[in-house]
Amino acid sequence: MKSFLIFCDNHMDVIWRRGCRQHYRSVDGIIRPYVDLEEEQIRRALRMMTTSDYRYTLEQSLPLKLFLERNPDQLPVVQRLVDEGKLELPGGGETLIDLNMVCGESLVRNHLYSISWCERTFGTRPRTANGADLFGYSAQVPQILNQLGYDVLANSSRLFDDGTPFWRGLAGATVLVRPTWQNLGNPQVFAPGGCIRPPARCCEGEGCSKCGYRGMDISDENLRSDETLQRIFDRIRAMESEPVVLRITGEETLENADAIARLVALARKSGLDPRFVTMTELVDAADGERLARLRAGTVAENEIYREVEKNPICTGCFVSRTRLKQWNRRLEAMLVAAEKFAAFACPFGTVYPRGKIEGLWNQMALLQFHDAITGSHSDGAYEELLGLCRNIARGAWQVYEEATRTIAGQIAAPAKKGYRAAVVFNPLPWPVDGTPVDIVLDVPRGETVRGIDVVDGRNRRVAVMAVEPVQNAVGGKLGLRLTGLRLPPHGYGTIHYRFSDAPPAIRPLRGNVLENEYYRITLDARGVAEVFDKETKDVILRNGVGSLVFEEDYGSVWETLAAPTFACSVAQYSKPSITLVGNADVTTAVIEGDFANPRIQHERNVGRIKWRQEITLYATAKRIYFKTTVDWDTHNGRLMLVFPLSFKTPDDEAHYEIPFGVLARKRYKGEFGIHTRPNGDWPALNFIACHNADKGYWVTVANQGTPCHRVENGVVKMTVVRSPCIALSAWDTKGAREVGTHVFEAMVSSGVGDLRTVNPVRLGQEFNAPFIAAPADSARTRPLPAECSFLGHDNPSVAVSAVKRAEEGEDLVVRLYEPYGAKVRTALENLPAKRVAETDLLERNARKTGGLVFRPHEIKTVRVHPAAADRVPRRRH
Ligand SMILES: [Zn+2]
Ligand SMILES: [Zn+2]
C-alpha cells in the first residue's frame with residue numbers, strides 16, 4: 001500500500017483583519033478577535049489529536065498562551081500531546097514578527113522568550129523554526145536561528161522561489177529552508193473559505209444561540225468534495241517522488257473532525273496509507289538527507305540561495321500606518337535602555353524585574369507581528385495596537401525610571417551653592433559628547449519656571465536649547481534639551497541647575513545662512529539650497545535638502561499597485577515663509593507652507609498638506625537636524641523627505657542598516673501589482689549612508705522610525721507617510737490614510753574615512769536614544785561617584801545590542817555585534833568582574849573567552865559573572 005504524509009497546520013494571524021483580544025464594530029457588524037477563533041481551532045485540534053492519529057503543528061506561542069489562559073484545565077491534555085509528539089510546539093517565536101523593521105534584539109527576544117516559555121511550561125522546546133507569511137527575510141536571520149539552536153526554517157515565503165534548499169545569511173550562517181506554501185509539486189488541500197469569515201448573519205456578530213455565541217459563521221467545511229479528494233488521491237498514487245505530502249491548511253479556517261475522518265477513510269478506500277506528521281517529522285522525512293549534509297558542512301554552493309537576504313516585497317508596508325513604526329522604534333530604544341539600567345541597579349538592593357521585562361518584550365512581539373508593524377491591518381486592529389504601544393511605553397519607562405532613581409540615590413553629588421543637582425543617564429555604549437540630550441526635571445509645586453541655568457559636573461556651562469515647562473495637577477515638570485553635555489558610556493554624569501525667569505535667548509537672525517563650526521547651510525526662497533561641509537570643503541547636499549515631495553501612490557496597505565505618474569515638490573506650490581532664529585549655541589531655520597494648487601489638488605486628490613520644518617544646527621555637533629510637522633489629508637499619495645546628494649554612487653548604492661548589521665544595496669527597478677511586487681524601496685533601520693568615493697567621505701541620513709528609503713540618481717528619498725485607499729479585502733482600512741498631524745525627524749551627518757570610522761550605527765542609535773534624569777543630592781557617604789560608567793568597550797565600531805541580567809542567575813549578559821563586515825576585536829571595560837564567558841543567544845553553552853574577536857557580522861553574547869566582593873563599580877570614567 002502506497003503511503004503518504006499528511007501535514008496539518010493553520011496560518012492564523014494574531015492580529016490583522018481582526019483584533020487580537022478586542023472586539024470592534026465594522027460595517028458588517030461586530031468583528032470578533034483572533035483569540036476567539038484560535039481558541040476554537042486549538043480546542044478542535046486537541047480533540048482530534050486525542051481521538052485519532054491526527055497531528056498538528058503550531059506556528060507561534062501567543063495563541064497557545066492565550067488558549068491556556070482561557071482553558072487552564074487543558075494544560076495536562078496539551079502536555080500529554082506534546083509528550084506524545086502529536087502536538088508540535090511553535091517555532092515562530094512569540095508571534096511571527098516582521099524581520100525588516102525591528103532591531104536585531106527584537107528578533108532575538110521574540111524567540112528567546114518563546115523558547116523559554118515552552119521549556120518552563122512543557123519541559124521541552126520547539127525544534128523547527130517557523131517563518132510563515134513574512135514580508136521578506138533579513139540577512140542576519142540565519143545566524144540568529146543558528147544561535148538559538150535552529151537549523152531549519154519552515155516558511156511560506158513568496159520569495160524562496162528558485163528551488164535552492166539552503167539560505168546562507170551573514171557570518172556564514174546557513175539554514176535549510178522548508179517551503180510550505182508553494183508545496184513544491186506536492187498536492188495540497190488548502191481549506192476553502194479564505195481568510196474572511198464575516199460576522200454571523202443571525203446576530204451581526206453579537207453572538208446568539210444560533211451561532212453558539214461565537215458571533216461568526218464556522219459552519220463551512222475545511223475540505224473539498226469527495227470528487228476533489230479522489231482526484232488528489234489519484235495523483236498521489238501516480239507520483240513517483242518520495243515522500244508524497246498532502247498539506248491541509250488554511251487561514252482563519254478551522255479543522256473539522258468529520259472532514260478529516262472522511263479524508264482518511266477515502267484515502268484508505270483508494271488503496272493509500274495516510275500518515276499524519278508534524279513539521280519536524282515532515283522535515284526529517286522530506287529533507288533528511290539535505291539536513292544531514294547541512295549538519296556535516298557538505299552543502300554545495302549551487303544549493304544555496306544567491307543572496308544573503310530575501311528582500312524586498314510588500315514595500316508599502318515600510319510606510320503604511322507610519323505611527324506604529326515610529327512607536328516601535330521609540331519603544332525598542334526605551335526597553336533596551338531600561339533593562340540596561342535595571343541590570344546596573346541590581347547591586348544596590350533592587351529586584352531585577354525579569355518577568356516584567358519579558359512581558360514587555362512579549363507585547364512588542366504583538367506590535368511587531370507581520371500584519372501589525374507593517375500597517376496591513378484593519379482600523380479596529382489599529383486602535384488596539386495604539387493602546388498596546390501606550391502600555392509598553394508606560395511599562396518600559398517605569399523600569400527605566402525606577403532603576404535610574406535607585407542608582408541616583410547611591411550617588412554622592414558634589415554640592416554647589418544655590419544650585420540643585422540631578423543625574424543624567426546615558427543608555428548608549430558610547431560616550432555622549434555634543435549631541436542634544438532631552439531630559440525632564442521636576443519642578444516643585446507652585447514654582448513658576450521659564451528658564452534654567454545648567455553646569456556640568458566640572459562646572460562647565462551646558463547650553464540649554466529649549467525649555468518646555470508644564471504644571472500638572474500634582475506637580476511641575478520641565479522638559480529641556482541640552483547640548484555640550486558629556487556623558488560616559490552606559491553611565492551617568494551630574495549636572496547642577498537653578499531655575500530662572502529668563503527662557504533661552506533666541507533672537508531673529510538676518511541673512512539666509514545657517515552656520516556652525518562644521519557646516520554652512522544656504523537657504524533660498526523654498527528651503528535649503530546647499531549644505532557646505534567645512535571639513536571636506538565640499539558642497540555635500542543641494543537643491544531642497546530635507547524638503548517634502550508629494551508622489552502619487554495608488555495602492556493598498558501592502559503595496560503600490562501602479563507606477564506613479566505624478567510627483568512634485570511641496571514647497572514649489574506652497575509659497576513658504578522662512579525665518580531664521582538663534583544664538584551662539586543654536587541656529588534654526590523655520591520654514592512653513594501650505595500646499596495650494598487647485599488643479600493638482602483636484603486631479604491628485606490632495607485635500608491638505610500644511611507643513612512646517614525646523615532645520616537646526618547646534619554649535620557642538622556635526623549634525624543637521626530636520627524636524628518636519630505635516631498636517632495632511634490625501635488619497636493614494638505619499639510624502640517623501642528628499643536629500644539630494646552632490647554626488648552619485650555607482651548604481652545608486654547605499655549602505656542600509658538592517659537588524660544586527662549594515663548592508664550595501666543598489667537601486668532596483670520597481671514593479672507594481674498585488675503582493676510581492678517591490679516598488680523600488682528598501683527598508684532601513686536607523687539610517688542609510690552614501691559614499692562619495694572620489695572625495696572619501698560619507699553622508700549619513702538618520703531617521704526616527706521611518707524605515708522606507710531609496711536612492712535615485714543621487715537623491716536619498718525617505719518616504720514618511722502614505723495614504724493607500726485601495727481595499728484589497730472587504731474590511732475597513734480607511735484609517736490607513738492617516739489624516740492629521742504627523743511629526744518626522746531626520747538627521748544628516750557627514751564624515752571622512754571608512755564606514756567603520758564614520759560609524760553611522762552609532763549616529764543612528766544616538767539620534768534615537770532616550771535619555772533620562774533623576775534628582776540627586778550631595779550626601780557624602782554614598783558609594784557612587786559624581787560620574788561613572790558601568791560598562792564600556794574599547795572598539796567603537798562594535799555595537800552593543802543589549803545589556804541585561806541573565807535569564808537565570810545573577811550574571812550580567814552583554815550582546816554585541818560587528819555591523820560592518822570586518823574582523824575586529826574589543827574588550828569590555830569598567831566591569832566589576834572580569835570573568836567573562838561567551839554563550840549562544842539562549843545564554844547557554846558558556847565557553848571561556850580571552851578577548852572578544854569578531855568574525856565579520858558576528859553576533860556575540862557574553863555572560864559576566866559578578867565577583868561577590870566587588871559588585872559595586874568603583875571606576876570613575
Ligand atoms: Zn499572516
Ligand atoms: Zn448569532
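For ligands, and for the atoms within them, numbers begin at 1 and follow the listed sequence. Below, all heavy atoms of this structure are taken into account, side chains as well, without hydrogens, waters or symmetry copies.
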Q) Would you say the side chain of Ile30 lies within less than 4.5 Å of the side chain of Pro199, judging by non-hydrogen atoms? A)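 In short, these two side chains do not touch, never coming nearer than 4.5 Å.
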
Q) Should Asn362 and Trp117 count as side-chain neighbours, where that means a heavy-atom distance under 4.5 Å? A) no

Just give me the atom name: the N, O or S atom of [X] closest to the Zn ion (ligand 1).
X	answer
Asp133	OD2
His11	NE2
Asp13	OD1

Q. Sorted by chain and residue number, which protein N/O/S atoms are under 2.8 Å from the Zn ion (ligand 2)?
A. Cys202 SG, Cys203 SG, Cys208 SG, Cys211 SG

Q. Under the criterion side chain to side chain donor-acceptor pair (under 3.5 Å), which of Asp98, Asp13, Asp371 is the partner of Ser376?
A.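 For Ser376, the side chain to side chain donor-acceptor pair (under 3.5 Å) check succeeds only for Asp371.
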
**Q.** Row check, Tyr382 ring normal vs Arg323 NZ/CZ: under 6.0 Å, within 45°
**A.**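 Not flagged: Arg323 not positioned over aromatic ring of Tyr382.
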
**Q.** Within 45° cone and under 6.0 Å: Arg665 NZ/CZ vs Tyr656 ring
**A.**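 Here Arg665 passes the 6.0 Å and 45° test against Tyr656.
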
Q: Determine the sole option in Arg109, Gln368, Met364, His370 for which the side-chain contact (heavy atoms from CB on, under 4.5 Å) test with Ile97 is passed.
A: Gln368

(Q) If you take the centroid of each ring, where Trp contributes its six-membered ring, are Tyr668 and Trp682 closer together than 6.0 Å? (A) yes

